[in-house]
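Quick notes on the structure that follows.
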Amino acid sequence: MTISETGSRRFVSAPGSRPTRSRRGSGFSRTALYRFEKGELAKIETLDKLAELLGVSIPTLLGVGVEYIASAVAYFERMRQIEESCEHIIVLAGPISYLLASEGFDQTLEEVLRESVPEHLASRKRALEQVGELMDVLRQRKESYRRRQPGIVNLIAASEMERFLSNGLVGRLDLPAKTRSARRELARAEATHFTSLMADEPIGVQIGIVPDTLPHASFQIFRQPDRHILALSPFRLGEEPNIRAPAWP
């Protein structure tokens, strides 16, 4: 069986996969991981062990069928990789689409994501570390988007934008009144940014405010030269941000 480059490499090299840390004590050498990345033959037992180390299924490791990714870092890294070769993107991701967001949004997002992590969370230290890793991936995504400029259609539910303006750009609602007021100003500034984009849309960019009820789950549709990819996500970066997958029993 062959490991395709679009399958194994993205997980062995993804920021959230920690391949170097995972191989310690596992019997996997750096040379072995390099061979996997290059697409050399591997036994099914080897694939099973590598998939277990990386926390993904074998089909996901190979890049076939439906991929299930529980980590926000790995998910957005996968989005970055898909966007590297896509021609057109349709986005429904709350009131704010990250690729079109302003610099001011970027500057505040990391703080917002950190404050969204509950104080009592057992794995809080690791969750905060992942915020930094996630921001690195997001910056790479935006740099790639600006360099390639694929077409993008951004759908925004009017009700979500209203709630965003009311609550502000916050990670939780129990912030001090002064902070909440400042974050509402940031939300208004971001809404103004998107209004400006709608008034004078850049080439390849379309933004639509939809008054009807839209699906609550975020999704993106990527059009590549040879296929279309649908990505559904529980992760949110704007209003009511969430970068932690629910724990399944």
Side-chain angles (χ1 to χ4, degrees), residues 4-17 51 54-101 105-106 109 113 116 130-131 133-157 160 164 194 204-208 210 213-248:
S4 67
E5 181 175 346
T6 56
S8 65
R9 184 175 180 82
R10 66 171 178 260
F11 289 105
V12 174
S13 61
S17 62
L54 297 177
V56 299
S57 67
I58 290 180
T60 299
L61 181 68
L62 298 175
V64 297
V66 178
E67 302 177 28
Y68 297 96
I69 304 174
S71 161
V73 177
Y75 174 82
F76 285 107
E77 166 65 13
R78 183 67 179 115
M79 295 301 97
R80 185 194 65 78
Q81 294 164 354
I82 293 173
E83 289 161 356
E84 283 284 352
S85 59
C86 75
E87 300 172 340
H88 194 266
I89 309 170
I90 299 175
V91 183
L92 174 65
I96 302 300
S97 171
Y98 179 76
L99 294 180
L100 298 177
F105 181 85
D106 268 2
L109 180 58
L113 293 178
S116 72
Q130 288 181 322
V131 171
E133 295 171 7
L134 176 59
M135 292 304 302
D136 289 341
V137 173
L138 292 177
R139 293 184 188 104
Q140 292 175 36
R141 281 186 67 204
K142 184 165 286 189
E143 289 172 4
S144 174
Y145 168 73
R146 290 174 174 172
R147 182 181 71 254
R148 298 187 64 254
Q149 293 291 306
I152 184 167
V153 174
N154 184 193
L155 303 176
I156 302 173
E160 292 203 12
F164 178 60
F194 273 79
V205 174
Q206 293 178 284
I207 302 174
V210 184
T213 301
L214 290 174
H216 292 291
S218 299
F219 70 81
Q220 296 187 74
I221 301 174
F222 303 93
R223 188 177 72 200
Q224 295 180 324
D226 59 340
R227 61 177 177 169
H228 290 70
I229 300 174
L230 169 65
L232 301 173
S233 171
F235 306 119
R236 296 169 61 93
L237 299 176
E239 192 257 344
E240 297 181 354
N242 169 50
I243 56 170
R244 294 177 297 111
W248 299 101

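As the structure is a prediction and not an experimental result, all values here were calculated from the model.
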query: If we only count heavy atoms from C-beta on, is the Ser71 to Arg78 side-chain gap below 4.5 Å?
result: no
message: Is any side-chain heavy atom of Glu87 closer than 4.5 Å to one of Pro150?
response: no
query: What's the spacing between Gln140 CD and Gln81 CD if we round to 0.5 Å?
result: 10.0 Å
- prompt: What is the minimum heavy-atom distance between Arg236 and Pro95, and which atoms define it?
  reply: NH2-CD, 4.1 Å
- prompt: Can you check whether Leu237 reaches Ile243 side chain to side chain, under 4.5 Å on heavy atoms?
  reply: yes
- request: Can you sort out the partners of Tyr98 under side-chain hydrogen bond (donor to acceptor under 3.5 Å, both in side chains), two or more places apart, ordered by chain and number?
  value: Asp106
Distance in Å, Phe194 CZ paired with Phe164 CZ, rounded so as to fall on 0.5 Å steps: 8.5 Å
task: Answer whether the closest heavy-atom distance between the side chains of Leu138 and Leu109 falls below 4.5 Å.
output: yes
- request: Calculate, to the nearest 0.5 Å, the distance between atoms SG and CZ belonging to Cys86 and Arg227 respectively.
  value: 11.0 Å
task: Identify the heavy atoms of Glu84 and Ser144 that sit nearest to each other, and give their distance.
output: OE2-OG, 3.2 Å
message: Evaluate Glu77 against Arg80 for salt bridge (Lys or Arg N to Asp or Glu O under 4.0 Å), listing each step before the verdict.
response: CA-CA 5 Å; Glu77 166 65 13; Arg80 185 194 65 78; 2.8 Å; yes
query: Mind checking what makes salt bridge (Lys or Arg N to Asp or Glu O under 4.0 Å) contact with Glu143, not counting sequence neighbours?
result: none
statement: Taking every heavy atom of Ser85 against every heavy atom of Pro225, the minimum-distance pair comes out as O-CD, 3.4 Å
query: Hey, what do you get for CD1 (Ile69) to CZ (Phe76), rounding to the nearest 0.5 Å?
result: 11.0 Å
- request: Walk me through it: do Leu100 and Val91 pass the test side chain to side chain contact (heavy atoms under 4.5 Å, CB included)?
  value: CA-CA 11 Å; Leu100 298 177; Val91 183; over 6 Å; no
- prompt: So do Arg141 and Tyr145 actually touch side chain to side chain, heavy atoms under 4.5 Å?
  reply: no
- prompt: Going by heavy atoms in the side chains, are Ile82 and Gln220 under 4.5 Å from each other?
  reply: no
task: Only counting residues at least two apart or in another chain, list the ones meeting salt bridge (Lys or Arg N to Asp or Glu O under 4.0 Å) with Arg223.
output: none
- prompt: Roughly how far, to the nearest 0.5 Å, is CD of Gln206 from CG of Asn154?
  reply: 10.5 Å
Shortest non-hydrogen separation from Leu92 to Leu155 and the atoms involved: CD1-O, 3.4 Å
task: Can you measure from OG (Ser233) to CG (Asn242) and round to the nearest 0.5 angstrom?
output: 8.0 Å
- line: All heavy atoms of Ser97 vs all of Ile152, minimum pair found to be OG-CD1, 4.3 Å
statement: Closest heavy-atom pair, Ser218 versus Ala93, reported as atoms and distance to 0.1 Å, is OG-CA, 3.7 Å
Heavy-atom check, side chain of Val153 versus side chain of His88, under 4.5 Å: yes
